[in-house]
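See structure below.
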Amino acid sequence: MKKNLKEHAKPGEYSTLELMAVCGARAIKNGEVVFVGTGLPMVAAMLAKRLHAPKAKIVYEAGFIDSNAIDIALSIADSRLEYRASAAIGLIETLGMLLQGGRVDVGFVGAAQIDEYGNLNTTYIGDFENPRVRLPGSGGGNDIVSSAKRIVVIMKHEKRKTVKKLDYMTSPGYLDGPNARERAGLRGGGPSLVVTNLCQMKFDEETKRIRLATVHPGVTVETVLENTGFDLIIPEQVLETEPPTYEELEILRSVDPMGIYIPREQK
Amino acid sequence: MKKNLKEHAKPGEYSTLELMAVCGARAIKNGEVVFVGTGLPMVAAMLAKRLHAPKAKIVYEAGFIDSNAIDIALSIADSRLEYRASAAIGLIETLGMLLQGGRVDVGFVGAAQIDEYGNLNTTYIGDFENPRVRLPGSGGGNDIVSSAKRIVVIMKHEKRKTVKKLDYMTSPGYLDGPNARERAGLRGGGPSLVVTNLCQMKFDEETKRIRLATVHPGVTVETVLENTGFDLIIPEQVLETEPPTYEELEILRSVDPMGIYIPREQK
Amino acid sequence: MVEADVEDKRITLKEAANLIPDGAHLFWGGFGFQRPPMAFAHELVRQGKRELTIYTCGSEIDIDILAGAKVVSKFELAFFAIEGIGLAPNIQRRIRDGSVQIEDYTNLAMALRFLGGALGVPFMPLKSMLGTDLVAKSKFRTKKVKVIDCPFTGEKVALVPSVRPDFSIIHASRVDIEGNAQIDGIKGEDIEGARAGKKTIVLAEEIVDVEFTRANPDLTVIPNIYVTYVVECPWGAYPMMVYNYYDYDMEHIRMYYQQCKTEEGWRKYCEEYITGVESHMEFLKKIGFERLLKLRARKPFGY
Amino acid sequence: MVEADVEDKRITLKEAANLIPDGAHLFWGGFGFQRPPMAFAHELVRQGKRELTIYTCGSEIDIDILAGAKVVSKFELAFFAIEGIGLAPNIQRRIRDGSVQIEDYTNLAMALRFLGGALGVPFMPLKSMLGTDLVAKSKFRTKKVKVIDCPFTGEKVALVPSVRPDFSIIHASRVDIEGNAQIDGIKGEDIEGARAGKKTIVLAEEIVDVEFTRANPDLTVIPNIYVTYVVECPWGAYPMMVYNYYDYDMEHIRMYYQQCKTEEGWRKYCEEYITGVESHMEFLKKIGFERLLKLRARKPFGY
């Protein structure tokens, strides 16, 4: 029996990673210029483009502009991303002219640590002089977070990742509060949405501090708080994240049919 | 009867413009990167490339790199210059990366005025606020004179053009003397040769002031001085400019067969 | 999908010129004789625009016409003339009568100002202009150039302010309806200029199908994201040249130069070829089909 | 003419690597999985180079191998990992044992540092890094970045020092014997990097005739003037990818990652695939013709 595609899937019919990808996709509006990396953000952008945002233009920092890839890429510079692209140029074009030039509407990034102003760490865990782990570094992350009009952060929700003080600030959220970005000379709008495996978080307009927005189906506010290392603002009413529709799931699974970024068994 | 191609032509067998083009061509060594505009410098570079400097690479600021044009161009951006070029890019490439990047050996420029330090004016005749004539301006001239390793100036020799004080300094010769270029932050070597319709001039190593090098056949030192507005250093011995060889003339005339830059009747 | 995924950015030449308000700041594409937006210049004159500011490296008849018709009152540029022929006749007169002012930079400085605008930084460093009147003197800009000591090497560096004009006007070889543009041959400062404008209008010799551009992303030098509108405009650079399309018409250019030496001659030219014709197509008809065909580029030369 | 007008810049891979002295500074081309100079990395290891400094945006197995073999002691870069798999295993260990130091920039900052080097200016401005530890902290550079107030707008701007390395190493699609190089697909930071080096070595999948390159100057992205030497090096980016030529070999990459998690595993890999083979050709033979053929790019996809 064919399901109604617009209906929401039931618990157990989708995985947390699928829900996270759907949350990311919904943050993309039709016609927007979207700056993504590989992994969940790529899957989210491809889903958006095939569903509600066919005119979204996906940019990958290696140089692919308005990519229409039909195969899942494993690298940001993967030849797969050139399929029916507008152009294939380089980093000065994507990070410089498009992004720093102010033409990117929404950028997606990940992080190993986030603080309550949305500042991000992707470089060091532990002490700068003698770190426990040396992460990959900024890549284009700092550039994206500095200059895109909006930022969506997608990351795992753990106490040690949601911290009061970052081990190293790789990318600027709202720094130490209101107007700090402007004072620092940053032009981009800063983080607007954080999607985790537990919830979605946004930022308080006035204080620029992070606040809970929605909890994923089956997750309680208490669970979120237990897994959060910083002081999370909890609004009076916390809604539940809208589950994926069957249509979203169907397209999502066609985007990543091999389950490279969203393994099927997690369902 | 076939003339010996290596022999020098006799007076009356060549025009002054032909001699000037030959002087320019001789200033180009094989393998050098040469930055030229249209007109006599283009003809000179094409002559050099067909004669003693086949590996010279001719760059035109519009974006033509290592041009091998077979037809005479009327504009610096003329499609004719793309023939068998290495690449066709743009001004950031030619003036920025090649020239300012330090890869141009010799640049050719013209001028409406020159002073005794080789500073050049191509912008205003008369007062800056209320000029008599507004010339075309720097174009790439200042860029070339700022950054090429050597500069060859080709211009008409008149008292009002060889002046003690320029109406406007468009391009930097040796400014006000030794080390002035370095102090100003300029990296190029500065003017090394001035070719006029009367003579060739070079620059005194120590004082950086202009001095007579050779007089063209039939021209006396007195004639040069009568037509010079600044104090020209006259060395003890002034040689005569070596006249064109028959080979030089033959190739030169094949480069510009229609006499566009070197009209035939001037002979 | 919610709607067709190919956006159609086509407008007419008249609509495009009509977008430009009096007083607007324009990046002006093409370099020398190559791909100047001549048809767009004509249409600005026909529509009687006023007080425009134009940023370009070096341009020729196209901007001389804009000065002659008093469409432009300010230029920031490095070079103007009619190469191989003489000084730009209308601009000379307009400077003398005070209706046009020019701020002087070098070609590299202007190209870098467009690159800076494209990159979204407020200035760019360069090693030209140093020690000369290009730094010491300015006509109307209060902040024309600033010489600083490099914080890394100590050497002198000139900083020039980036340009982000209201509109960038480019004449390309080909473009699709989404705005993916290709340019054959030299690009002058058009790559940077197309990315510097707040809005960018791409005129092109031909509009090609999206299948053509999407099949080879490596050839697109101005991607759709930068392009606001596209205008199909064949022979749009005549009497100048477009590589792989047509050669210049030196006879027309020389006639222009001779005639425009006087104000009366310029008015006659303007009336005959610009304001006296209804459209770009009427202008081309006036030039004549046979004459245009003779100028077509021959393969493999491109001119 | 005094001699043939086509200069032959071909040398062998061994000769190319032999040009690099211990302690040299290198721009390292390719981006992510696309066109890394893998074969050149192998040859540097075989020749036992030491104390190199590498400048790049983001690189993966290629620089992990150079760190593992202690060829490189310093990196200035923005990103290193084996994308989609995990952290670069050798670099992690070399950081811990103190034999490798990394100075951190962003991808845009590094790309601009190469653009600045190419343009011959001592620094470039950017609007990233501001307000973060990328400005506040440095590992070994005394002058890593300088934040200034823009003299035109007053806003904060970060200045990063330009890079002019001793050598730039690029793996291109095609090159002619004079050094005119073409790159299919994305160029990463190779356009700027190729122009930043004091000397530039272009390795390429194939050497093509000068007739081919000269017939279409618009396709040459690195003109001969910048190129000191060329090396024909088919499958030179294996196990990574070259657009239009071949796909990556994920099986080999995963095996590398797993094996190099330990020093012993790395030593075994290095001995088996790098130092234990005589040349790049022997390495390819070891991988096997059949396996390589399976990776060939299919038209029109390019992968």
Side-chain angles (χ1 to χ4, degrees), chain B residues 37-39 60-64 70-71 73-83 88-96 99-100 119 121 123-124 128 131 133-147 166 168-172 175 180-181 183-188 260-261, chain C residues 30-35 57-58 60 77-81 83-84 87-88 91-92 95-96 102 104-112 115 126-134 136-137 147 155-158 184-192 240-244 247-248 250 297 301-303:
Chain B
T38 48
Y60 296 92
E61 64 190 88
F64 305 107
I70 48 174
D71 291 314
L74 296 181
S75 160
I76 194 88
D78 198 318
S79 305
R80 283 159 184 76
L81 299 172
E82 185 153 344
Y83 187 72
I89 309 181
L91 280 78
I92 293 288
E93 183 74 40
T94 55
L95 293 168
L99 180 65
Q100 190 175 254
N119 303 303
N121 176 12
T123 311
Y124 290 103
F128 174 72
V133 187
R134 178 57 170 85
L135 300 167
S138 162
N142 172 287
D143 304 310
I144 295 169
V145 179
S146 293
S147 294
L166 301 175
Y168 182 94
M169 194 205 294
T170 313
S171 298
L175 300 170
R181 281 181 71 91
R183 279 196 304 273
L186 295 164
R187 293 219 199 96
I260 288 173
Y261 293 116
Chain C
F31 186 70
F33 280 27
Q34 191 71 242
R35 292 181 298 93
C57 285
E60 316 218 346
L77 51 61
F79 182 90
F80 63 99
E83 270 180 282
L87 299 174
I91 301 185
Q92 292 297 331
I95 291 174
R96 278 197 299 271
I102 296 179
D104 272 294
Y105 287 87
T106 71
N107 270 339
L108 178 58
M110 288 307 298
L112 286 170
L115 178 57
L126 86 159
K127 298 290 292 177
S128 300
M129 296 175 68
L130 296 163
T132 69
D133 283 336
L134 282 161
K137 293 181 180 174
V147 177
E155 71 189 290
K156 299 273 185 218
V157 178
D184 296 346
I186 57 110
K187 282 87 187 159
E189 74 267 27
D190 282 346
I191 301 298
E192 298 76 26
M240 311 304 252
M241 76 199 326
V242 175
Y243 181 74
N244 276 348
D247 205 347
Y248 39 64
M250 279 313 291
F301 302 102
Y303 56 87

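First the proteins, then the strands, lettered A, B, ... as listed; each starts at 1.
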Please state whether the side chain, the backbone, both or neither of B/Thr123 comes within less than 4.5 Å of a heavy atom of chain C. side chain
Mutual orientation of the aromatic rings belonging to C/Phe301 and C/Tyr303 [parallel < 30°, tilted 30-60°, perpendicular > 60°]: tilted
Where do B/Ala77 and C/Phe31 come nearest, in terms of heavy atoms and distance? CB-O, 3.0 Å
Is chain C contacted by the side chain of B/Arg183, its backbone, both, or neither, given a heavy-atom distance below 4.5 Å? backbone
C/Glu189, part contacting chain B, at a heavy-atom distance under 4.5 Å: both
Residues B/Gly137 and C/Asp104: closest non-hydrogen pair is CA-OD1, 4.3 Å
Do you know the tightest heavy-atom contact between C/Phe80 and C/Ala88? CD1-CB, 3.8 Å
Selection from B/Tyr168, B/Tyr83, B/Tyr261 maximising heavy-atom pairs under 4.5 Å formed with chain C: B/Tyr168
Would you say the side chain of B/Asp78 lies within less than 4.5 Å of the side chain of C/Tyr248, judging by non-hydrogen atoms? yes
From the list C/Ile191, C/Val157, C/Thr132, the residue making the most non-hydrogen contacts under 4.5 Å with chain B is C/Thr132
Among B/Ala180, B/Pro172, B/Gly141, which residue forms the greatest number of heavy-atom pairs with chain C at distances under 4.5 Å? B/Pro172
Once side-chain hydrogen bond (donor to acceptor under 3.5 Å, both in side chains) is applied, do any residues pair with C/Asp247, and if so which ones, sequence neighbours excluded? B/Arg80
Apply the side-chain hydrogen bond (donor to acceptor under 3.5 Å, both in side chains) test between C/Thr106 and each candidate in B/Asn142, B/Asp143, B/Thr170; give the one that qualifies. B/Asp143
Options C/Gly185, C/Gly58, C/Ala81, C/Gly84, ranked by heavy-atom pairs under 4.5 Å with chain B, top entry: C/Gly185
Could you tell me if the side chain of B/Glu82 sits less than 4.5 Å from the side chain of C/Asn244, heavy atoms only? no
For C/Lys187, is there an ion pair with B/Glu93 - N to carboxylate O distance below 4.0 angstrom? no
Chain C heavy atoms under 4.5 Å from B/Ile144: which part of the residue, side chain, backbone, both or neither? neither
Using every non-hydrogen atom in the two residues, find where B/Gln100 and C/Lys127 come nearest and quote the distance to one decimal. OE1-N, 2.8 Å
Atom of C/Ser128, atom of C/Leu108 and distance for their closest heavy-atom approach: OG-CD2, 4.0 Å
Leading residue by heavy atom contact count with chain B [cutoff under 4.5 Å; candidates C/Gly302, C/Ala297, C/Gly188, C/Gly30]: C/Gly188
Residue part contacting chain B, namely of C/Met250, when any heavy atom lies under 4.5 Å: side chain
Spacing of B/Tyr124 atom OH and C/Lys137 atom NZ [to the nearest 0.5 Å]: 9.5 Å
Most chain C-contacting option - heavy-atom pairs closer than 4.5 Å, from B/Ile70, B/Thr94, B/Asp71: B/Asp71
Between B/Leu95, B/Val145, B/Leu91, B/Leu166, which residue shows the highest count of heavy-atom pairs closer than 4.5 Å to chain C? B/Leu91
Contacting moiety of C/Met129, where chain B heavy atoms sit under 4.5 Å: both
Contacting moiety of C/Leu87, where chain B heavy atoms sit under 4.5 Å: side chain
Is B/Phe128 close to chain C through its backbone or its side chain, or both, or neither, when contacts mean heavy atoms under 4.5 Å? both
Can you say whether C/Leu112 sits under 4.5 Å from chain B via the side chain, the backbone, both, or neither, judging by heavy atoms? both
Please look at B/Leu175 and chain C and tell me whether the side chain, the backbone, both or neither of the residue comes under 4.5 angstrom of a heavy atom of that chain. side chain
Heavy-atom distances under 4.5 Å only: say whether C/Leu126 touches chain B with side chain, backbone, both or neither. both
When only pairs under 4.5 Å are counted, which of C/Met241, C/Met110, C/Glu60 shares the most heavy-atom pairs with chain B? C/Met241
